[in-house]
Amino acid sequence: SQMKSRLVQFGVPEQKVHLLPMGVDTGKVSQLGAGVSKQPGQLLVVGRLVEKKGIAHLFEALRLLRERGVRFTRLVVIGDGPIRQELAAAAAGLPVEFLGQQSSEVVLKTIAESDVMVLPSITADNGDQEGLPVTLLEGGAGGICVVASALPGIDEVIETETSGLLVPQKDAEALADALERVLTDAALREKLAAGIAASVQRFDIATIGAGYNRVIGKMLHD
């Protein structure tokens, strides 16, 4: 929606701009996660290892959790990118496992076995930022509790306290506070996981595909 607003500001007639997000096969996500056992205290990040993912700020938050005595078993990082070595150095001393690039099946099974998915996204120094991350939709379809930065796109899926927890970007202390809440409150994790599972149903691939068909059909008839 932020991108649509910018296009309209640039002078594109609003009636010519159709907002169609990416979709996910929610049924497939649920099937792949069926029967997978939870790994208590496991956190998960999925995405390309670039600045806008904000993973270095998550490491700061994990160190704060350790200082507070909040238990988590490990952080699994799935993905690769130009700052992987830099992030590996920043994670020294923390229980972080970098799995590199993985298949969709591995990603979805890891979502199912993790307690919390974290999206500590930021606006990079060059202005690069998230849109609507597909991994957020996959996590939601997999019914995982999500803690994420309050950024455009992400906040179209997550209503804080209902379908996840949103925190200010680049704020390691706020991120640690949110993680402490969900790690120490199983009932809250379950509530937020159920909330996001319901929220992402509107992004199911069948619904999004029907939207594309309507837009293309209108263009052909006009």
Heavy atoms of other groups near Lys170 NZ, more than 12 under 6.0 Å: yes
Taking the side chain as every heavy atom from C-beta outward, state whether Val157 and Phe203 have any pair of such atoms under 4.5 Å apart. yes
Set of salt bridge (charged side-chain N to carboxylate O under 4.0 Å, His left out) partners for Lys16, sequence neighbours left out: none
Would you mind listing every side-chain hydrogen bond (donor to acceptor under 3.5 Å, both in side chains) that reaches into residues 181-197, with sequence neighbours excluded? Glu161-Arg181
Those residues that, when tested against Thr110, pass side-chain hydrogen bond (donor to acceptor under 3.5 Å, both in side chains) (two or more places apart): none
For Ser163 and Gly195, which heavy atoms make the closest approach, and how far apart are they? CB-C, 3.5 Å
Can you pull out every side-chain hydrogen bond (donor to acceptor under 3.5 Å, both in side chains) where at least one residue sits in residues 64-78? Sequence neighbours excluded, please. Gln42-Arg74, Arg68-Asp177, Arg68-Glu180, Arg74-Glu97
Starting at NZ of Lys28, measure out to CG of Leu108 and round the result to the nearest 0.5 Å. 7.0 Å
Student check: side-chain heavy atoms of Leu43 and Leu62 closer than 4.5 Å: yes
May I have the list of side-chain donor-acceptor pairs in residues 2-9 shorter than 3.5 Å, sequence neighbours left out?
residue : atom : partner : partner atom : Å
Gln2    : OE1  : Gln129  : NE2          : 2.9
Ser5    : OG   : Ser1    : O            : 3.1

So, do Phe98 and Asp80 sit near enough that their side-chain heavy atoms are less than 4.5 Å apart? no
Group every Ile, Leu, Val, Met, Phe, Trp and Tyr by side-chain heavy-atom contacts under 4.5 Å, then state whether Phe72 and Phe59 land in the same group. yes
Gln85 atom CD: more than 12 heavy-atom contacts under 6.0 Å: no
Remaining members of hydrophobic cluster (4.5 Å side-chain criterion), Leu19: none
Would one find more than 12 heavy atoms of other residues, nucleotides or ligands at under 6.0 Å from atom CD of Glu105? yes
Hey, what do you get for CE (Met117) to CG (Leu44), rounding to the nearest 0.5 Å? 4.5 Å
Kindly give the heavy-atom pair with the smallest separation between Leu166 and Ala150, and that separation in Å. CB-CB, 4.0 Å
Value for NZ (Lys109) from OG (Ser37), rounded to nearest 0.5 Å, stands at 12.0 Å
Decide whether Leu132 and Ile122 are clustered together by the hydrophobic rule: side chain heavy atoms of Ile, Leu, Val, Met, Phe, Trp, Tyr closer than 4.5 Å, transitively. no
Between Leu75, Val45, Leu58, which is the residue that forms a side-chain contact (heavy atoms from CB on, under 4.5 Å) with Val96? Leu75
Under the salt bridge (charged side-chain N to carboxylate O under 4.0 Å, His left out) test, residues paired with Asp25 that sit two or more places apart: none
Gln201 versus Thr26: any side-chain heavy-atom pair under 4.5 Å? yes
Between Ala174 and Val167 the two heavy atoms that sit nearest each other are O-CG1, 3.7 Å
Quick one: do Val24 and Val200 satisfy side chain to side chain contact (heavy atoms under 4.5 Å, CB included)? Show the steps, please. CA-CA 9 Å; Val24 294; Val200 301; 5.6 Å; no
If two hydrophobic side chains count as joined below 4.5 Å and joins carry through other members, does Val29 share a cluster with Ile78? yes
Please say yes or no: joined through hydrophobic side-chain contacts below 4.5 Å, possibly via intermediate residues, are Leu49 and Val107 part of one cluster? no
State, with a plain yes or no, whether a side-chain heavy atom of Ser114 is found less than 4.5 Å away from one of Ile144. yes
Does any non-hydrogen side-chain atom of Leu192 lie less than 4.5 Å from one of Val146? no
How far apart are the C-alpha atoms of Lys38 and Asp115, what are their side-chain angles, what is the distance that settles it, and do they pass the side chain to side chain contact (heavy atoms under 4.5 Å, CB included) test? CA-CA 7 Å; Lys38 284 285 185 186; Asp115 266 343; 3.9 Å; yes
Please find the pair of heavy atoms, one from Gln169 and one from Ser121, that lie closest to each other, and give the distance. CB-O, 3.6 Å
Validation row: Met219, Val215 side chains within 4.5 angstrom (heavy atoms): yes
Glu156: which residues meet the salt bridge (charged side-chain N to carboxylate O under 4.0 Å, His left out) condition with it, sequence neighbours left out? none
Tell me, please, which residues at least two apart from Lys52 pass salt bridge (charged side-chain N to carboxylate O under 4.0 Å, His left out). Asp128
Sub-3.5 Å donor-acceptor pair from the side chain of Lys53 to the main-chain atoms of Pro120, do we have one? no
Nearest 0.5 Å please: distance from the OG atom of Ser149 over to the CG atom of Leu175. 7.0 Å
Do Ile158 and Ser199 have side-chain heavy atoms sitting under 4.5 Å apart? no
Just how far is it from atom OG1 of Thr207 to atom CG of Leu20, taken to the nearest 0.5 Å? 11.5 Å
Any chain of hydrophobic side-chain contacts (each under 4.5 Å) joining Val116 to Leu65? yes
How many angstroms lie between CD1 in Ile55 and CD1 in Ile83, if you round to the nearest 0.5 Å? 6.5 Å
Does Pro133 have any side chain to side chain contact (heavy atoms under 4.5 Å, CB included) partners at least two apart in sequence or in another chain, and if so, which? Leu119, Glu130, Thr135, Leu136, Ile154
Which residues, ordered by chain and number, are linked to Ile216 in its hydrophobic cluster, where ILVMFWY side chains connect at heavy-atom gaps below 4.5 Å, directly or through other members? Leu220
Please list, chain by chain and in numerical order, all residues satisfying side-chain hydrogen bond (donor to acceptor under 3.5 Å, both in side chains) with Asp171, sequence neighbours excluded. none
